[in-house]
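These notes are about the structure you will find just below.
As the structure is a computational prediction, the values presented were derived from the model and not from experiment. Because only heavy atoms are used, hydrogens play no part in the values below, and waters and symmetry mates are left out as well, while side chains stay in.
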Amino acid sequence: MALAHPLVTEKAMVLLENSNQLSFIVRKEATKESIKAALEKNFGKKVASINTMMTSKGTKKAIITFEENNAAEEILSQLGIV
């Protein structure tokens with residue numbers, strides 16, 4: 001699976017509330033297409049866009065924007081985080 005775990009920081013919570021975005025730590029070899037497929041399959045929410053970056057710790061982070069309003073909050077509540 002491309003997704004490792006959600007990233008829950010203050011900045012990630014601001015993105016969640018203001019922009020309907022989630023931050024996930026993903027596998028280094030994960031592509032945007034594999035991340036999108038994993039999210040849509042596991043959570044049933046349409047992904048609008050994905051931005052990926054390497055962190056200073058050497059991990060890969062993906063910021064996912066969803067088409068549906070409040071989709072990000074629903075996913076975190078399904079995971080038991082919010």
Side-chain angles (χ1 to χ4, degrees):
M1 181 175 204
L3 306 172
H5 58 84
L7 186 62
V8 184
T9 62
E10 285 184 43
K11 184 175 181 179
M13 290 295 111
V14 170
L15 288 174
L16 170 72
E17 294 169 0
N18 296 336
S19 305
N20 195 34
Q21 295 178 325
L22 281 182
S23 298
F24 271 88
I25 298 297
V26 297
R27 296 172 53 106
K28 286 184 183 178
E29 59 273 359
T31 63
K32 290 181 180 183
E33 292 80 19
S34 66
I35 295 167
K36 180 178 180 177
L39 280 166
E40 289 181 350
K41 178 183 175 204
N42 291 325
F43 300 108
K45 303 292 180 187
K46 288 285 187 187
V47 173
S49 67
I50 298 175
N51 294 320
T52 59
M53 64 203 75
M54 294 300 291
T55 67
S56 59
K57 295 180 181 178
T59 58
K60 189 172 189 178
K61 178 170 78 169
I63 299 177
I64 300 105
T65 305
F66 295 93
E67 292 180 3
E68 181 184 326
N69 289 338
N70 298 324
E73 289 181 26
E74 290 176 21
I75 290 172
L76 284 186
S77 66
Q78 288 177 11
L79 293 172
I81 295 173
V82 173

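Atoms CD and NZ, from Glu67 and Lys45 in turn, are 12.0 Å apart once rounded to the nearest 0.5 Å. Between Ile64 atom CD1 and Gln21 atom CD the span is 9.0 Å, to the nearest 0.5 Å. Separating the NZ atom in Lys61 from the OG atom in Ser56 is a distance of 9.5 Å, to the nearest 0.5 Å. For the atom pair NZ (Lys36) and NZ (Lys46), the distance works out to 7.0 Å, reported to the nearest 0.5 Å.
Hydrophobic clustering places Met13 together with Phe66 (ILVMFWY residues linked when any side-chain heavy atoms are closer than 4.5 Å, directly or through intermediates). Under a hydrophobic clustering in which Ile, Leu, Val, Met, Phe, Trp and Tyr are joined whenever their side-chain heavy atoms come within less than 4.5 Å, directly or via other members, Ile25 and Val14 fall into different clusters. A single hydrophobic cluster is not seen to contain both Ile35 and Leu7; linkage of ILVMFWY side chains at heavy-atom distances under 4.5 Å, directly or through other members, places them apart. Under a hydrophobic-cluster definition in which Ile, Leu, Val, Met, Phe, Trp and Tyr are linked whenever side-chain heavy atoms come within less than 4.5 Å, directly or via other members, Leu76 and Leu15 are assigned to different clusters.
With hydrogens and angles ignored, the 3.5 Å screen pairs no side-chain donor or acceptor of Asn51 with any backbone N or O of Ile63. For Lys28 (side chain) and Met54 (main-chain N/O), no donor-acceptor pair under 3.5 Å exists by modelled atom type.
Within 6.0 Å of CD on Glu29 lie more than 12 heavy atoms contributed by other residues, nucleotides or ligands.
Heavy atoms only, all atoms of each residue included: Ala62 and Ile50 are closest at CB-CG2, 4.3 Å. Nearest heavy-atom pair across Thr65 and Ser19 is CG2-O, 4.2 Å.
Ile75 pairs with exactly one of Leu22, Ile81, Leu16 by the side chain to side chain contact (heavy atoms under 4.5 Å, CB included) rule, that one being Leu22.
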